[in-house]
Visitor: 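Just passing along the structure, written as structure tokens.
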Amino acid sequence: MRLIFMGSGDFAVPALEALVAAGHEIVATYSQPPRQAGRGKRLQPTPLAKRAHELGLDVRCPGTMDGPEFASELTGIGAEFGILVAFGTLLPDTVLSAPVGGFLNIHPSLLPRWRGAAPIQRTIMAGDSATGVCVMQMNERFDDGPVLLRREVPVPGDATYSTLAPVLAATGAELVVAALANIDRLEPVPQGTAGRTAAPRIDKSETRIDWNRPAAEICRQVRALSRVPGAWTDHGRMRLKVLAAEVVEGSGKPGEVLDSELTVACGENAVRLVEIQRPGKRSAAVAEFLRGCQIEVGATLGCPESGEG
């Protein structure tokens with residue numbers, strides 16, 4: 001089939017590769033414009049754009065998609081379907097209707113649960129034991145279209161964003177190839193409203209660790225946000241990004257350091273920090289970190305009066 005592909009993040013790459021491997025003709029690939037990244041603040045293409053270039057595809061990075069010119073451009077391509085994965089922008093109806101068959105979207109949750117920009121993070125933070133992937137027909141409402149295919153995926157108890165996202169991306173790649181191969185036989189199923197939950201983008205305020213919360217919730221927060229943007233706390237004026245942690249027994253004033261292994265008291269039980277990172281430094285196991293930065297037993301992490309570092 002002649003396809004338009006739209007995507008930006010790492011999550012979109014396996015789907016693009018799978019469609020190419022299945023013999024589909026990707027007549028145009030659209031991605032977000034390059035953005036500054038790294039210490040040198042150099043413009044970097046999105047992961048999807050970089051991979052598309054490597055595959056020899058036509059890559060376009062439009063500044064806007066709202067005008068009639070862009071919709072006309074897409075219509076002129078003559079694609080049978082558009083595929084959108086982790087693109088980062090809501091498409092207007094004039095764009096969605098440009099391909100003959102409209103747009104299909106790969107969404108990493110069991111819709112209508114976790115509709116929104118951060119379904120994987122919300123799944124982990126909520127402690128869900130299962131999630132999945134849906135291929136849906138897109139409409140003008142965000143994550144609202146009827147579902148063509150879905151597959152459930154278990155969520156391991158130690159899942160992080162970095163471990164769960166690649167599994168869901170690979171699953172989505174398989175499903176979208178299967179959806180196109182059987183498109184004439186699939187019956188679109190409306191999502192309905194039962195079990196609907198929202199998965200809004202992670203707000204900056206949600207990244208700070210609140211030690212008054214139960215240890216299990218804090219560890220889920222750490223796993224869901226590792227490694228980007230990362231959950232964090234502070235010690236004095238120094239911000240510490242927590243990349244890995246585990247629930248242990250312990251009690252004390254929330255935020256209190258209970259031992260020399262950086263076990264921290266929570267509202268319920270305690271959290272032992274496993275991997276942390278200081279600003280401008282590489283991440284380190286706690287034992288290595290403590291050799292260069294002393295934190296006394298009895299110190300309190302996350303004190304509001306200490307500032308954010």
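Residue numbers count from 1 along this sequence.
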Visitor: Taking the side chain from D210 and the backbone from N212, do they hold a donor-acceptor pair closer than 3.5 Å?
Guide: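 Side chain of D210 to backbone of N212: a pair is present.
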
Visitor: Side chains of H235 and V257: does their closest heavy-atom pair fall under 4.5 Å?
Guide: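 No; the side chains remain at least 4.5 Å from each other.
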
Visitor: Using 0.5 Å steps for rounding, measure from the CG atom of L243 to the OG1 atom of T160.
Guide: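 Here the interatomic distance stands at 10.5 Å.
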
Visitor: May I ask whether L301 and M238 are part of the same hydrophobic cluster, defined by side-chain heavy atoms of I, L, V, M, F, W, Y residues being less than 4.5 angstrom apart, directly or through others?
Guide: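 In one cluster: yes.
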
Visitor: Kindly compute the distance separating CG (L48) from CD (E17), expressed to the nearest 0.5 Å.
Guide: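 Those atoms lie 9.5 Å apart.
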
Visitor: Between CG of D128 and CD1 of I120, what distance do you get to the nearest 0.5 Å?
Guide: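 Spacing of CG (D128) from CD1 (I120) equals 12.5 Å.
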
Visitor: Applying side chain to side chain contact (heavy atoms under 4.5 Å, CB included) to L225 and W232, what does each step give before you reach the verdict?
Guide: CA-CA 10 Å; L225 304 183; W232 64 274; over 6 Å; no

Visitor: What's the shortest heavy-atom distance between A215 and A270, and which atoms?
Guide: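 Minimum heavy-atom contact is CB-O, 3.4 Å.
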
Visitor: Working to the nearest 0.5 angstrom, can you tell me the gap between E152 CD and R150 CZ?
Guide: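 The CZ atom of R150 is 9.5 Å from CD of E152, to the nearest 0.5 Å.
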
Visitor: Can L258 be reached from V271 by stepping across I, L, V, M, F, W or Y side chains whose heavy atoms are under 4.5 Å apart?
Guide: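 Unlinked, V271 and L258 end up in two clusters.
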
Visitor: P119 versus P108: any side-chain heavy-atom pair under 4.5 Å?
Guide: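 SC-SC contact between P119 and P108 confirmed.
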
Visitor: Please determine whether residues L74 and M138 belong to a single hydrophobic cluster, defined as Ile, Leu, Val, Met, Phe, Trp and Tyr linked transitively by side-chain heavy-atom distances below 4.5 Å.
Guide: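 Both belong to a single hydrophobic cluster.
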
Visitor: Checking R122 against W114: charged group under 6.0 Å from the ring centre and within 45 degrees of the axis?
Guide: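 Here R122 fails the 6.0 Å and 45° test against W114.
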
Visitor: I need the minimum non-hydrogen distance between R227 and S283, along with the two atoms involved.
Guide: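 Shortest heavy-atom separation between R227 and S283 comes out as NH1-OG, 3.7 Å.
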
Visitor: Report whether V274 and L240 are members of the same hydrophobic cluster (ILVMFWY, side-chain heavy atoms less than 4.5 Å apart, transitive linking).
Guide: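 No, separate clusters.
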
Visitor: Salt bridge between E288 and R291, side-chain N to carboxylate O under 4.0 Å?
Guide: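 Salt bridge absent between E288 and R291.
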
Visitor: Would you please test S31 and T46 for side chain to side chain donor-acceptor pair (under 3.5 Å) and show each step?
Guide: CA-CA 7 Å; S31 193; T46 67; 2.5 Å; yes

Visitor: Under a 4.0 Å N-O cut-off, is there an ion pair linking R60 with E73?
Guide: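 A salt bridge links R60 with E73.
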
Visitor: Between D158 and R223, is there a salt bridge with N-O shorter than 4.0 Å?
Guide: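 Looking at R223 and D158, the cut-off is not met.
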
Visitor: Can you check side chain to side chain contact (heavy atoms under 4.5 Å, CB included) on E217 and E268, steps first, answer last?
Guide: CA-CA 10 Å; E217 290 185 12; E268 180 182 306; over 6 Å; no

Visitor: Judged by atom type as modelled, is there a donor-acceptor pair below 3.5 Å linking the side chain of Q121 to the main-chain atoms of M125?
Guide: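 No, Q121 side chain to M125 backbone: no donor-acceptor pair under 3.5 Å.
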
Visitor: Honestly curious: do I4 and M1 fall in one hydrophobic cluster under the side-chain, below-4.5 Å linking rule?
Guide: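 Unlinked, I4 and M1 end up in two clusters.
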
Visitor: How long is the straight-line distance from OH of Y30 back to SG of C61, given to the nearest 0.5 Å?
Guide: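 Interatomic distance, C61 SG to Y30 OH, rounded to 0.5 Å: 10.5 Å.
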
Visitor: Within the side chain of E174, is there an N or O that forms a donor-acceptor pair under 3.5 Å with the backbone of A15?
Guide: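 No: the side chain of E174 does not pair with the backbone of A15.
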
Visitor: For residues A159 and I124, report the shortest heavy-atom separation together with the two atoms involved.
Guide: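 Closest pair (atom of A159, atom of I124, distance): O-CG2, 3.9 Å.
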
Visitor: Would you say T263's side chain and D259's backbone share a donor-acceptor pair under 3.5 angstrom?
Guide: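 The answer is no, because no donor-acceptor pair under 3.5 Å joins these two groups.
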
Visitor: Pick out which of P112, P190, C134 makes a side chain to side chain contact (heavy atoms under 4.5 Å, CB included) with V147.
Guide: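 For V147, the side chain to side chain contact (heavy atoms under 4.5 Å, CB included) check succeeds only for C134.
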
Visitor: Which pair of heavy atoms, one from V248 and one from N269, lies closest together, and at what distance?
Guide: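 For V248 versus N269, the nearest heavy atoms are O-CB, 3.6 Å.
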
Visitor: So which heavy atom on A28 is nearest to which on I77, and how close?
Guide: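 It is CB-CD1, 3.7 Å.
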
Visitor: Check the surroundings of atom CD in E249: do more than 12 heavy atoms from other residues, nucleotides or ligands lie under 6.0 Å from it?
Guide: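 Check fails, neighbour count at 12 or below.
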
Visitor: Determine, for E25 against R2, whether the closest basic-nitrogen to carboxylate-oxygen distance falls under 4.0 angstrom.
Guide: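 Result for this pair is yes, salt bridge flagged.
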
Visitor: Show, in sequence, the C-alpha distance, side-chain angles and deciding distance for T300 and W211, and conclude whether the side chain to side chain contact (heavy atoms under 4.5 Å, CB included) test is met.
Guide: CA-CA 10 Å; T300 302; W211 296 106; over 6 Å; no

Visitor: Can you name the closest pair of heavy atoms from F87 and G7 and give their distance?
Guide: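 Here F87 and G7 meet closest at CD1-N, 3.5 Å.
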
Visitor: Between NE2 of H53 and NZ of K50, what distance do you get to the nearest 0.5 Å?
Guide: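 Interatomic distance, H53 NE2 to K50 NZ, rounded to 0.5 Å: 11.0 Å.
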
Visitor: Report the C-alpha separation of D203 and R201 in whole Å, then their side-chain angles, then the decisive distance to 0.1 Å, and conclude whether the salt bridge (charged side-chain N to carboxylate O under 4.0 Å, His left out) test is met.
Guide: CA-CA 6 Å; D203 187 79; R201 193 177 305 277; over 6 Å; no

Visitor: Determine whether the side chains of T171 and R151 contain a donor N or O and an acceptor N or O closer than 3.5 Å.
Guide: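 Not at all, the side chains of T171 and R151 share no donor-acceptor pair under 3.5 Å.
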
Visitor: Is there a donor-acceptor contact under 3.5 Å linking the side chains of H107 and S109?
Guide: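 The criterion, which ignores hydrogens and geometry beyond distance, is satisfied for S109 and H107.
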
Visitor: Please check: side-chain N/O of E256 versus main-chain N/O of K253, any donor-acceptor pairing under 3.5 Å?
Guide: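 Confirmed, E256 side chain pairs with K253 backbone.
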
